[in-house]
Number of protein chains: 2
Amino acid sequence: MGRKRIKPGKVRLTEVAALAGVSPITVSRFFRNPDTVSAGRRLRIESAAKDLGYVPNLAARALASQRTEVIGVLIPSLTNNVFSDVLRGIYDAFEGSRYSIQLANTRYSLLQEERLLRLFVMQKPAGLIVTGVDQTAEGRAIVQAADCPVVQIMETGPEPIDMMIGFSHVDACYAAISHLLAQGCRRIGFLGARMDPRVQRRLQGYQNAMKAAGVFDPRLIVTTAVPTSTTIGGNLFSDLMLKAPDVDAVFCANDDLALGVLFECQRRHIAVPEQIAIVGFNDMEFMASAVPTLTSVRTNRYEMGLRAATMIMDEVEGRPVAERVVDLGFEVMERQSSTLQRAAAVPADRASGTKW
Amino acid sequence: MGRKRIKPGKVRLTEVAALAGVSPITVSRFFRNPDTVSAGRRLRIESAAKDLGYVPNLAARALASQRTEVIGVLIPSLTNNVFSDVLRGIYDAFEGSRYSIQLANTRYSLLQEERLLRLFVMQKPAGLIVTGVDQTAEGRAIVQAADCPVVQIMETGPEPIDMMIGFSHVDACYAAISHLLAQGCRRIGFLGARMDPRVQRRLQGYQNAMKAAGVFDPRLIVTTAVPTSTTIGGNLFSDLMLKAPDVDAVFCANDDLALGVLFECQRRHIAVPEQIAIVGFNDMEFMASAVPTLTSVRTNRYEMGLRAATMIMDEVEGRPVAERVVDLGFEVMERQSSTLQRAAAVPADRASGTKW
DNA sequence: CAACCGCGTGATAGCGCTGTCAATATCGCT
DNA sequence: AGCGATATTGACAGCGCTATCACGCGGTTG
């Protein structure tokens with residue numbers, strides 16, 4: 001026959017109900033929505049629960065109600081601090097709500113992502129936040145099966161799974177390169193690490209801008225599959241100097257690389273921006289305090305996380321979400337590292353700090 | 001009476017069992033431990049599950065088995081990239097295992113920590129990883145009630161809740177200051193931000209070392225409750241220069257501050273290390289590539305996360321954990337920013353890169 | 001004054017899975 | 001062949017909670 005009898009010390013809804021002199025279902029209602037219970041019983045239940053040290057069993061709740069209050073979040077890297085800002089936004093938004101977050105790390109692998117999505121779906125999450133737009137067909141199918149609100153973050157693109165919030169990496173990089181061109185730079189190098197889909201799209205933006213200006217040269221592109229770091233930034237710059245000693249500017253696909261380039265320039269006694277201009281991407285906090293201050297493309301990562309989370313909650317709780325695809329834009333933060341005295345050969349139609 | 005009849009499309013263990021021609025419990029066994037099922041049935045079940053698109057229901061599993069495979073992780077900040085290394089270790093260790101991680105953010109608030117612990121306990125986690133040793137009595141009680149392995153990380157201290165892995169922040173800072181003293185520095189400033197418990201202990205180590213050398217001066221200490229950042233590093237250094245213009249070295253409670261100090265020195269044309277030596281804490285990646293390279297105290301954060309996770313798994317799976325309290329030590333990475341030509345007045349008994 | 005509504009409450013019947021123990025099949029060995 | 005030991009399988013009874021429907025009650029409506 002069945003299992004061992006009930007442990008004596010265990011406190012269930014039933015025990016609380018008995019002590020409070022109400023039915024278990026009323027206690028259940030009290031915990032989910034206190035307002036639906038009359039004031040008198042509310043007090044009795046409250047004190048009974050406290051006396052017994054009652055702790056709701058989430059598994060039982062999830063099984064009976066066929067849903068959970070877990071939000072699954074999938075990001076490709078924990079090391080890349082770009083994501084920590086997004087996460088902060090997400091965590092801040094869910095702060096104090098009844099939802100809890102389950103964070104998983106795809107390591108930039110689509111297969112890993114599939115595996116994790118499958119795992120999430122088993123938990124019947126209330127919502128899902130995934131990074132990027134490059135899910136496999138299988139991955140999309142799994143998400144669809146979850147039958148819950150989904151937000152894709154970090155970039156915008158066609159065919160959202162459900163909702164989407166981000167910006168165009170192609171346009172953002174195009175704008176950064178345009179700024180350098182406007183400063184009179186012509187031999188603009190591109191440094192990229194990891195080369196994940198979003199960095200690829202930045203490279204695309206670079207190519208578009210360089211070709212449009214008629215100054216594209218593949219030798220100016222130096223990339224590596226290795227994850228980004230300050231050291232790698234210095235190394236890539238050294239490689240670039242070998243391939244194209246005449247560079248007058250460097251666009252770095254992210255800020256760590258830019259900092260590495262700055263250090264390498266200091267090491268080589270190359271004047272920034274006089275001899276070489278530097279532009280980064282993401283506008284990390286340190287960019288504005290470096291010497292010289294470093295130009296970067298600001299992306300609204302915190303807001304992205306915050307709004308993604310809000311979109312999920314609105315959708316779950318039945319509030320209509322007006323904008324299901326949000327482009328947060330970006331801003332080229334022009335600083336000393338790319339501000340040149342020399343006459344701009346390209347019209348400087350993109351003024352300082354232009355919002356796109 | 002009860003609820004609506006079963007949805008027709010739903011795939012449960014029972015459906016898979018029927019199609020495979022076995023009993024539900026056998027299917028259950030197959031999913032938890034395929035080896036306990038004979039090869040013939042294994043194949044039949046596998047194909048049946050695939051045909052039906054069966055997805056196990058984790059809530060039901062958790063309810064029936066009275067446990068989950070969720071590991072709760074509590075960290076105080078998502079922005080402070082000290083934790084991203086620890087997290088990477090944790091995620092790497094659980095990678096491919098059956099456990100999944102639930103990460104929560106206490107924001108350096110003990111009350112918040114309590115709330116989150118309470119939330120975790122409702123899920124009956126398989127294990128818990130918490131940051132620091134300063135839980136409230138209430139918090140400790142909640143954790144104890146969870147009745148699962150617990151590892152405290154980031155520092156060592158007396159009275160572990162269960163297991164513990166970290167290092168002594170007092171000793172680590174003491175060693176860093178000793179290094180500066182050995183270089184002949186006497187007016188050593190202390191810069192600290194956020195001032196969480198671990199930074200407080202670093203300050204303690206600083207005071208111990210300075211007093212032991214007879215050179216303690218409270219005017220050399222500049223701190224703020226604001227979270228750490230490069231900009232704050234510059235600001236704190238400026239404050240320090242006002243309070244004590246004769247400083248010959250700065251110890252920064254973390255590396256962001258140190259970078260900010262370096263930039264501020266560049267701005268003020270103060271030679272590092274000739275006029276002022278700089279030492280940071282944590283040994284972030286960029287410290288070794290700065291110009292000059294920056295001395296820091298390396299802490300083994302990745303290993304800490306990895307081993308904390310391993311300890312949890314060992315404990316859960318019944319493998320005895322030999323070392324329940326692990327001191328990972330630290331290493332003073334002596335670099336250009338604190339290496340002085342001038343004669344050392346204090347015996348340099350702590351050679352370069354000494355492991356403690 | 002009957003019909004109707006909405007609120008607060010309760011009884012019932014599962015949600016989908018697994019722990020426990022029993023039953024059966026298989027095997028090695030004397 | 002006979003025996004116990006071992007592997008494999010199954011029956012049963014919940015795990016603790018909530019969806020659903022039913023009911024009683026006071027007040028509103030035509």
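Atom set for the values below is all heavy atoms of this structure, side chains included, hydrogens, waters and symmetry mates excluded. Each chain gets a letter, A, B and so on, in the order the sequences are listed, and its residues count up from 1.
Between the side chains of B:Thr79 and A:Arg88, at least one donor N or O lies within less than 3.5 Å of an accepting N or O. A donor and an acceptor atom, one from each side chain of B:Ser23 and B:Thr26, are located under 3.5 Å apart.
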For residues 137-150 of chain A, which side-chain donor-acceptor pairs fall under 3.5 Å, sequence neighbours excluded?
from	atom 1	to	atom 2	distance (Å)
A:Glu138	OE2	A:Arg118	NH2	3.0
A:Arg140	NH2	A:Glu159	O	2.6

Can you give each donor-acceptor pair under 3.5 Å made by side-chain atoms of residues 67-74 of chain B, sequence neighbours left out, with the distance rounded to 0.1 Å?
from	atom 1	to	atom 2	distance (Å)
B:Thr68	OG1	B:Val70	N	3.4
B:Thr68	OG1	B:Gln123	O	3.4
B:Thr68	OG1	B:Lys124	O	2.8
B:Glu69	OE1	B:Arg98	NH1	3.2
B:Glu69	OE2	B:Arg98	NH1	2.3

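Checked against D:dC17, C:dC17, D:dG10, the side chain of B:Ser23 finds its nearest nucleotide in D:dG10. With distances taken from any side-chain atom of B:Val22 to the nucleotides C:dG8, D:dG10, C:dG19, the minimum falls on D:dG10.
Within 4.0 Å of A:Arg67, counting heavy atoms only, lie sugar-phosphate atoms of the nucleic acid but no base atom. Heavy atoms of A:Pro56 sit under 4.0 angstrom from primed sugar atoms or phosphate atoms, though from no base atom. Within 4.0 Å (heavy atoms only), A:Phe31 reaches no atom of the nucleic acid at all.
Each of A:Val55 and B:Ser38 was assigned the nucleotide of DNA chain D with the nearest heavy atom; the assignment lying further toward the 5' end belongs to B:Ser38.
One axis for each end of the helix from C:dC1-D:dG30 to C:dT30-D:dA1, each built from five base pairs, and the angle between them comes to 30° at 10° resolution.
Remark: the backbone N or O of A:Arg61 is paired with a side-chain donor or acceptor of A:Ser65 at under 3.5 angstrom.
Contact annotation: B:Arg29 does not reach the phosphate of D:dT8 (side-chain N/O to OP1 or OP2, under 4.0 Å).
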